[in-house]
Trainee: 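This is the structure, below, for whatever I ask next.
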Protein chains: 2
Amino acid sequence: MVVIPRQTRQRAEILDLLEDVDEFRSAQQLHEMLRARGSSVGLATVYRAVQSLSEHGDVDVLRTEDGESVYRRCEQRSHHHHLVCRSCGRTVEIEAGQAEAWAAQVGAAHGFDDVDHTIELVGTCSTCRAAAAS
Amino acid sequence: MVVIPRQTRQRAEILDLLEDVDEFRSAQQLHEMLRARGSSVGLATVYRAVQSLSEHGDVDVLRTEDGESVYRRCEQRSHHHHLVCRSCGRTVEIEAGQAEAWAAQVGAAHGFDDVDHTIELVGTCSTCRAAAAS
DNA sequence: CTCCTTCCTGAGAGTGGTTCCCACTATAGC
DNA sequence: GCTATAGTGGGAACCACTCTCAGGAAGGAG
């Protein structure tokens, strides 16, 4: 019942690009980067690709403060969370076992089942802090 | 330097409505509810009101899964988090001291400053679970 | 109470991210 | 190769949200 996406030039190029990028990027940014690389992929195709990739767990999705979806290919394929620099976008993948245990416990205490959690951290990384101080 | 918004019929009606509503609601939903009540307030005004209210900490904002902003007047005016039923929208305000301590600690461990956190929980409440089981 | 400044309101136009439509093209199994 | 089928792309459509700007109301000064 699992549908395997067809292997096309476009998907390959998008995956290649994602390998080279370390920060969360929007579909539009990815599209622009592809064009800058000289490859032509339609914007709609980029949207379809990142969407399908995220459904398969191959990329992670975040929503920015202004509602834009941003994507990133993470090292860890298993469930994890992110600590993102609000200035440069540098991203650290973090384990949140402790916070997740707390979430499950709080949910249970209020009689809730199947509790999903959204946990994301945003801060200023040491590099950007040093740059700002100068 | 704090700007106090002028007191108008529209803002009063929106606040009144928010008092009566217990779930997170979008600006558009609030607008519709106002019209249903017989009061006419422009959609733009609803957007402006909830935005200003949220900036003043009088209402809480959440982003739904599809990127829509939803608003709710909470009991606690101090910082807190939410456990929301994915089926009926029932909302419980929760303390997250434990999770916040964890967030600050993780941030510090990676050299990040001014770490903000987004922590929201979604589950199925006992009432909805019972209803689904029947 | 009245005037006047300033802010608020609202209808519609504009914006921007995302999805849809659909004719065309490329993939993968045979 | 051939064919069925899925993917592609450009533009239109969509939708939440914001802006514009002229008219109206709030509230302080006198």
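Note on naming: letters A, B, ... go to the chains in the order of the sequence lines (proteins, then strands), and numbering restarts at 1 for each one. Keep in mind the model is a prediction, meaning the values are calculated, not measured. Because only heavy atoms are used, hydrogens play no part in the values below, and waters and symmetry mates are left out as well, while side chains stay in.
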Trainee: Would you say the base of dC8(C) and the side-chain of Arg6(B) have a donor-acceptor pair closer than 3.5 Å?
Mentor: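 In this structure, the two groups form no donor-acceptor pair.
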
Trainee: Can you tell me the distance, in whole Å, between the NE2 atom of His31(B) and the P atom of dG10(C)?
Mentor: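 Those two atoms, NE2 and P, are 8 Å apart.
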
Trainee: To the nearest angstrom, how far is Glu13(A) atom CD from dG7(D) atom P?
Mentor: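 Glu13(A) atom CD is separated from dG7(D) atom P by 17 Å.
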
Trainee: At under 4.0 Å between heavy atoms, which parts of nucleotides 8-14 of chain D does protein reach? Answer with one letter per nucleotide, 5' to 3': B base, S sugar-phosphate only, - none.
Mentor: BBB----

Trainee: Do Glu13(A) and Ser39(A) pair up side chain to side chain, a donor and an acceptor below 3.5 Å, judged on atom types alone?
Mentor: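 Result is yes, a qualifying pair exists.
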
Trainee: Without decimals, in angstroms, what is the distance between Tyr47(B) OH and dG14(C) P?
Mentor: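 Taking OH of Tyr47(B) and P of dG14(C), I get 19 Å after rounding.
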
Trainee: Five pairs at each end of the helix from dC1(C)-dG30(D) to dC30(C)-dG1(D): take the axis at both ends and give me the angle between them to 10°.
Mentor: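 For the helix from dC1(C)-dG30(D) to dC30(C)-dG1(D), the axes at opposite ends meet at about 40°.
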
Trainee: Hey, is CZ on Arg37(A) packed in by over 12 heavy atoms from elsewhere, all under 6.0 Å?
Mentor: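 Atom CZ in Arg37(A) is packed in, count exceeds 12.
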
Trainee: Measure the spacing between OG of Ser26(B) and NE2 of His31(B) and express it to the nearest 0.5 Å.
Mentor: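 Answer for the OG-NE2 pair, Ser26(B) versus His31(B), is 11.0 Å.
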
Trainee: Any base atoms under 4.0 Å from Gln29(B), or only sugar-phosphate, or nothing? Heavy atoms, all strands.
Mentor: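 Nothing, no nucleic acid heavy atom in range.
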
Trainee: Could you tell me whether a side-chain N or O of Arg72(B) sits under 3.5 Å from a main-chain N or O of Asp22(B), the two making a donor and an acceptor?
Mentor: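 Flag set: sc Arg72(B) to bb Asp22(B) pair under 3.5 Å.
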
Trainee: For DNA chain C, what residues of residues 58-73 of chain A have any heavy atom nearer than 4.0 Å?
Mentor: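 Of all residues in residues 58-73 of chain A, the ones placing a heavy atom under 4.0 Å from DNA chain C are Glu68(A), Ser69(A).
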
Trainee: So, applying side chain to side chain donor-acceptor pair (under 3.5 Å) with Asp60(B), which one of Arg77(B), Gln76(B), Arg73(B), His82(B) is it?
Mentor: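 That would be His82(B).
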
Trainee: Has Gln7(B) got a side-chain N or O lying under 4.0 Å from the OP1 or OP2 atom of dA26(D)?
Mentor: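 No, because none of the side-chain N or O atoms of Gln7(B) sits under 4.0 Å from OP1 or OP2 of dA26(D).
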
Trainee: Identify the heavy atoms of Ser54(B) and Val61(B) that sit nearest to each other, and give their distance.
Mentor: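 Looking at all heavy atoms of both residues, the closest pair is CB-CG2, 3.4 Å.
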
Trainee: Decide yes or no on side chain to side chain contact (heavy atoms under 4.5 Å, CB included) for Leu62(A) and Val84(A), but give the supporting numbers first.
Mentor: CA-CA 11 Å; Leu62(A) 247 54; Val84(A) 182; 4.3 Å; yes

Trainee: Mark yes when over 12 heavy atoms from residues, nucleotides or ligands other than Arg86(A) sit less than 6.0 Å from its CZ; otherwise mark no.
Mentor: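 For Arg86(A), atom CZ is crowded (more than 12 foreign heavy atoms under 6.0 Å).
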
Trainee: Got a sec: does the CD of Glu23(A) have more than 12 other heavy atoms crowding it under 6.0 Å?
Mentor: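 Enclosed.
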
Trainee: For a quick check under 3.5 Å, do Arg63(B) and Ser69(B) share a side-chain donor-acceptor pair by atom type?
Mentor: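 Side chains of Arg63(B) and Ser69(B): pair found under 3.5 Å.
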
Trainee: Run the ring-centre check on His117(A) versus His81(B) and record whether the distance is less than 6.0 Å.
Mentor: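 His117(A) vs His81(B): aromatic centres not under 6.0 Å.
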
Trainee: Round to a whole Å and report the spacing from CZ of Arg25(B) to P of dC17(D).
Mentor: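 Arg25(B) atom CZ is separated from dC17(D) atom P by 15 Å.
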
